Novice: 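I have a structure here, written as structure tokens, and I will follow up with some questions on it.
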Amino acid sequence: MTQMYLTAWDRKEADSEPIRKGFGRGLLQAGKNDENIVAACADLTASTAMDLFQKEFPDRFVEIGVAEQNLVTVGAGLAAMGKVPFVSSYAAFSPGRNWEQIRTTICLNNQPVRVVGSHAGISVGPDGATHQMLEDIALMRVLPNMVVIAPGDSVEAEKATLALATDKRPAYLRLAREATPVLTTTKTPFEIGKAYVFREGKDVTLLGTGTMTYHMLAAAELLAKDGVDAEVIHVPTIKPLDAHTIVKSLHKTGAAVTAEEAQINGGFGGAVAELLSEQYPAPLYRIGMQDRFGESGKPEELMTHFGLDAKHVALAAHHVIERKA
Amino acid sequence: MPDRQHTYSLSELELKANDIRQSIITMLEHAGSGHSAGPLGLTDIFTALYFDVMKHDPKEPDWDDRDILLLSNGHCVPVRYATMAEAGYFPKSELKTLRRLGSRLQGHPEREKLPGLETTSGPLGCGLSQACGMALAMRMDHKTELKRWVYVVLGDGELNEGNVWEAAMLAGKYKLNNVIGIIDRNNIQIDGPTEHVMPLEDLRGKWEAFGWHVIEIDGNNIEAVIDACAMARAIVEKPVMIIARTIPGKGVDFMEYDFHWHGAPPDHEQAKTALHELRTLRGTITSEHQ
């Protein structure tokens with residue numbers, strides 16, 4: 001495993017691409033593979049990258065209009081008849097607005113609807129706090145039956161979409177808006193429920209989900225200059241969490257930092273805190289939004305402003321290493 | 001095939017409705033909680049659907065070509081359980097397990113617990129959307145030519161939910177003519193009369209404005225329900241909403257029209273009185289048709 005499966009992500013010329021583009025390609029391919037794959041969108045077809053599918057399969061695409069409650073409940077009806085629906089909007093609206101419908105008609109009803117929340121996280125940027133969805137991981141993670149996936153780049157998003165096309169569980173797929181460095185290659189493995197060691201180390205475990213894994217790898221380079229040997233684990237599936245891989249790493253390193261573009265309370269950091277406190281108590285620092293809303297700004301400005309970058313991860317790593325008994 | 005062809009006379013259907021009402025009273029008394037008025041008011045509609053209108057098979061609940069029935073106002077599920085037991089989906093003795101630990105008959109219907117329930121419902125306003133999703137799936141599969149129908153029962157109080165009108169717009173847009181909605185227009189909701197809590201009228205005009213064909217009937221007249229459903233199936237260019245005026249608590253004198261019975265079960269004495277009244281009525285139905 002490790003770096004042989006990664007691109008030259010740390011070079012300036014590394015390719016960047018919005019994660020949702022990978023989703024769009026994956027959905028199109030999934031649609032070609034299986035005629036039961038269908039899609040619905042709430043008036044954001046191009047910006048959630050469903051337009052490729054819509055053009056190829058107009059009869060299997062439903063335009064719902066600006067109605068997110070209807071979006072997911074129509075999805076539940078499609079699934080009840082044997083379809084595998086991908087339903088998309090911005091994460092702030094779906095699952096932001098329609099949580100109870102998702103709970104009752106998808107999770108309790110146990111239908112394989114794929115709720116796709118695009119433009120998640122602080123890096124939505126200038127649109128401001130209303131559109132920066134930070135609570136979606138917590139909202140979806142708490143639901144029984146629900147799978148929660150936040151891919152790290154567009155290549156992985158494509159694989160995650162194809163994996164969800166053949167999975168039978170309700171699922172939430174979290175996608176970021178901005179162009180994101182492409183870390184993984186077509187050879188990098190992806191399986192729902194698996195976390196992957198992207199860099200081996202012995203002093204501290206850096207656990208990244210979604211776009212934050214890139215910053216974790218950059219932080220590991222910074223830490224190496226300080227003589228700290230960091231292990232970086234990419235955790236695209238937040239639920240079910242790969243407890244085995246995470247706890248095994250903590251046995252070796254004894255300290256961890258999590259990072260996510262979301263609220264740490266109840267989010268990915270919350271999930272890791274729950275796991276470690278029960279199975280392997282160890283110093284932990286959670287990078288993410290610290291119980292507050294975002295604001296308008298350029299994406300990279302906001303990431304620095306709210307401490308979601310390699311420098312802050314490295315500081316947090318030093319902090320947890322000091323706290324080791 | 002059993003129960004895929006319905007050949008009951010009107011008097012037989014009326015007797016079945018009476019039996020179902022007795023089951024509802026008995027199961028609610030045993031459960032000690034639950035909704036009385038809605039299920040009793042809906043009994044004639046459910047009798048018509050299960051014993052005349054719908055293609056279905058109690059021995060094969062997931063038969064591919066069955067018609068679909070969604071109960072959007074899930075709190076009225078006692079009428080569905082009682083009707084399903086009457087139709088042979090499960091033994092009537094199981095009705096007494098309603099709302100008990102380990103029962104397949106949950107307080108609000110859960111699809112995965114009991115074969116024959118199409119969805120999980122309770123939180124209001126979601127049924128029509130799911131019906132639309134099902135109708136769209138049938139259209140994608142070109143199953144509409146097989147004349148498969150999606151019936152969805154909605155409460156009138158439920159129409160306060162915005163989700164319902166999102167679905168109404170969608171069905172109008174896509175002209176989902178195999179969706180047939182039935183509104184239980186009993187004029188009551190938990191806080192009082194619907195027109196005091198949140199006025200719904202002009203209800204017919206609202207649905208027509210959303211692109212629906214509307215049929216208004218007496219929902220406690222089994223024959224009227226059967227006729228309205230037949231008429232609805234003949235409308236090919238629009239979805240159809242049947243506004244069925246019902247009497248909440250129908251068949252039990254002290255419950256009729258009283259919104260206090262919306263969310264309450266009868267106690268032992270009240271159940272005895274109610275059952276006596278229903279059995280007397282049953283005798284009347286029998287002698288009328290002899």
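In the text below, chain A, chain B and the rest are named by the order of the sequence lines, each starting its count at 1. None of these values were measured; they are calculated from a predicted model.
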Novice: Could you check whether atom NZ of B:Lys173 has more than 12 heavy atoms from other residues, nucleotides or ligands sitting under 6.0 Å from it?
Specialist: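 Yes, enclosed.
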Novice: Looking at OH of B:Tyr174 and CD of A:Glu63, how far apart are the two atoms once the value is rounded to the nearest 0.5 Å?
Specialist: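 Going from the OH atom of B:Tyr174 to the CD atom of A:Glu63 covers 6.5 Å.
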Novice: Going by side-chain contact (heavy atoms from CB on, under 4.5 Å), name the residues that satisfy it together with A:Thr161, two or more places apart in sequence or in a different chain.
Specialist: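 Applying side-chain contact (heavy atoms from CB on, under 4.5 Å) to A:Thr161 gives A:Phe23, A:Leu27, A:Phe86, A:Leu173.
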Novice: Look at atom NZ of A:Lys194 and say whether more than 12 heavy atoms of other residues, nucleotides or ligands are closer to it than 6.0 Å.
Specialist: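 Atom NZ in A:Lys194 is not crowded, with 12 or fewer foreign heavy atoms closer than 6.0 Å.
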Novice: Looking only at non-hydrogen atoms, find the nearest pair between B:Ala137 and A:Leu78 and report the distance.
Specialist: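 Looks like N-CD2, 3.7 Å.
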Novice: To the nearest 0.5 Å, tell me how far A:Asn109 CG sits from B:Gln130 CD.
Specialist: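 These two atoms lie 6.0 Å from each other.
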Novice: Mark yes when over 12 heavy atoms from residues, nucleotides or ligands other than B:Glu201 sit less than 6.0 Å from its CD; otherwise mark no.
Specialist: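 Atom CD in B:Glu201 is crowded, with more than 12 foreign heavy atoms closer than 6.0 Å.
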Novice: With a 4.5 Å cut-off on heavy-atom pairs, point out which of A:Glu100, A:Glu35, A:Arg103, A:Glu68 contacts chain B the most.
Specialist: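 Among the listed options, the one with the most contacts to chain B is A:Glu100.
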Novice: Need one label for A:Val62: side chain, backbone, both or neither, based on atoms under 4.5 Å from any heavy atom in chain B.
Specialist: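 For A:Val62, heavy atoms of backbone and side chain both lie under 4.5 Å from chain B.
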Novice: Roughly how far, to the nearest 0.5 Å, is the CG atom of A:Asn98 from the CD atom of B:Glu166?
Specialist: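 Those atoms lie 9.0 Å apart.
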Novice: Would you indicate whether the side-chain heavy atoms of B:Thr120 and A:Thr104 approach each other to under 4.5 Å?
Specialist: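 With C-beta onward as the side chain, the pair touches.
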Novice: Among B:Leu136, B:Ile68, B:Asp141, find the one that has a side-chain contact (heavy atoms from CB on, under 4.5 Å) with A:Met81.
Specialist: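 The passing option is B:Ile68.
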Novice: In terms of heavy-atom pairs under 4.5 Å, which option from A:Asn70, A:Thr105, A:Leu108, A:Val72 contacts chain B the most?
Specialist: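 Option with the greatest count: A:Asn70.
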Novice: Quick check on B:Arg104: does its CZ atom have over 12 non-hydrogen neighbours (other residues, nucleotides or ligands) under 6.0 Å away?
Specialist: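 Yes - once you tally the heavy atoms of other residues, nucleotides and ligands closer than 6.0 Å, there are more than 12.
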Novice: I need the minimum non-hydrogen distance between A:Asp59 and B:Met140, along with the two atoms involved.
Specialist: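 Smallest interatomic distance, heavy atoms only, reads O-CG, 3.3 Å.
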Novice: If you define the side chain from C-beta out and look only at heavy atoms, does anything of A:Gln101 sit under 4.5 Å from B:Asn163?
Specialist: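 Yes, at least one pair of side-chain atoms sits under 4.5 Å.
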Novice: Which answer fits A:Asn110, side chain, backbone, both or neither, if we ask what part of it has an atom under 4.5 Å from a heavy atom of chain B?
Specialist: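 When you check distances to chain B, atoms from both the backbone and side chain of A:Asn110 fall under 4.5 Å.
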